[in-house]
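Below you'll find the structure, written out as structure tokens, and then a few comments.
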Amino acid sequence: MKELLQSLTPGDRDWRLASELDPARIPAHIAIIMDGNGRWAKRRNLPRILGHKAGMDTVSRIVETCAQLGLEALTLYAFSVDNWKRPRHEVEGLWRLLRYYLRREMPRLMQNGIQLVAIGRLDSLPPEVRRELLAGMEKTSENRRMRLNLAINYGGRTEIVDAVNCLVDEARLKGELSSLRITEEMVSSRLYTAPVGDPDLLIRTSGEMRISNFLLWQIAYSELYVTDTLWPDFSRAELLEAVLDYQNRERRFGGLSVDALPSVDSASFSLEEEALELPLA
Ligand code: FPP
């Protein structure tokens, strides 16, 4: 956080936004659905892949800002299990971009202490993409400043299915399958994102009000921030605005806010009972 302020020009917009942040309430984990690359390209009469290329530059910018903010983890939705339905040249272009990104950014990931973790069904990726991703993960495995989860060939439902199958396989190996009872903690601990905690904030760019099969289990209590800005245009300032917006929310995790809590004396309990007017005796 201090580092972010030091890297900015005092008085400019980003600096003013960063100075408004409460350093004690920076989200530990942000997840982003990076949408709108295609529309960005279309508006400029460019091929879709150039929208993805511009999106890749936004990835570099946002990863760096998140590390400077002091996040523990950033999870980016880069390729879903359903994105294979896109034209072959677009899918192949995305793999080329990903490989280029890994080569270009590796020195910066190392310098900034960022651990790269690819999450998703990596076995079905083209072999060279998989190889370079695994090499990047290996190279950055000791970095501890921030974890960058890149969701690739990722699906929220597939992730839950994989976690449950993993628990079943483990129980079978131990000869405990017939007594297996699955708890929430057990599923959480086998998700691709473990051991990182659930996202505090989920950002979606380009205005669609959908979750698109992203982190279905983990976002149960995440705060949502949807902006009309297309991903290639998503700036550092907008990220800071999203975090400021998050800091103005009250997170209740299904409970009540402090000022809505009733007093615990028996008089107020019977007042609530009377107000309900549902005699059950
Ligand atoms: C959604 O936009 C974006 C994707 C399916 C791919 C995301 C890829 C990048 C941001 C670039 C490469 C990433 C890395 C990590 C190097 P869309 O194509 O669905 O946009 P549209 O809805 O406007 O068509």
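Model, not experiment: these values are computed from the prediction.
Using modelled atom types, one finds a donor on one side chain and an acceptor on the other under 3.5 Å when comparing R147 with N149. Side-chain atoms of E105 and S60 form a donor-acceptor pair, as typed in the model, at a separation below 3.5 Å. H52 and E90 form a side-chain donor-acceptor contact under 3.5 Å, judged by distance and modelled atom types alone. In summary, the side chains of S188 and W217 do present a donor paired with an acceptor at a separation below 3.5 Å, with no hydrogens or angles considered. Counted by atom type alone, R252 and S257 present zero donor-acceptor pairs between their side chains at under 3.5 Å.
E159 and R190 are not joined by a salt bridge, as no carboxylate oxygen comes within less than 4.0 angstrom of a charged side-chain nitrogen. The residues E72 and R144 are annotated as not salt-bridged, no charged nitrogen and carboxylate oxygen being separated by less than 4.0 angstrom. Between D35 and R210 there is no salt bridge, since no side-chain nitrogen of the basic residue lies less than 4.0 Å from a carboxylate oxygen of the acidic one. Salt bridge absent: K53 and D57 never bring a charged side-chain N and a carboxylate O closer than 4.0 Å.
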Working for side-chain hydrogen bond (donor to acceptor under 3.5 Å, both in side chains), residues S124 and R130: CA-CA 8 Å; S124 325; R130 186 168 175 272; over 6 Å; no
Candidate pair E238 and L240, rule side chain to side chain contact (heavy atoms under 4.5 Å, CB included), full reasoning: CA-CA 5 Å; E238 186 136 19; L240 298 175; over 6 Å; no
Steps toward salt bridge (Lys or Arg N to Asp or Glu O under 4.0 Å) verdict (E92, R88): CA-CA 6 Å; E92 282 173 4; R88 211 179 80 177; 3.3 Å; yes
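Considering every non-hydrogen atom in both Y225 and T227, the closest pair reads CE2-CB, 4.0 Å.
D198 CG to L215 CG: the interatomic distance, rounded to the nearest 0.5 Å, is 9.0 Å. Note that CD of Q115 and CE of M146 are 10.5 Å apart. Values are rounded to the nearest 0.5 Å. Rounding to the nearest 0.5 Å gives a distance of 5.5 Å between CD1 of I119 and OG1 of T75.
Here the two rings, on Y154 and Y77, have centers that are under 6.0 Å apart.
A continuous path of hydrophobic side-chain contacts links V168 to Y192 [ILVMFWY only; heavy atoms under 4.5 Å].
Looking at R249, R25, H29, R251 one by one, the single match for side-chain hydrogen bond (donor to acceptor under 3.5 Å, both in side chains) with D200 turns out to be R251.
Cation-pi geometry between R86 and W84 is not met: the NZ or CZ atom fails to fall both under 6.0 Å from the ring centre and inside 45° of the normal.
Through direct or relayed side-chain contacts under 4.5 Å between Ile, Leu, Val, Met, Phe, Trp and Tyr, V196 connects to no other residue.
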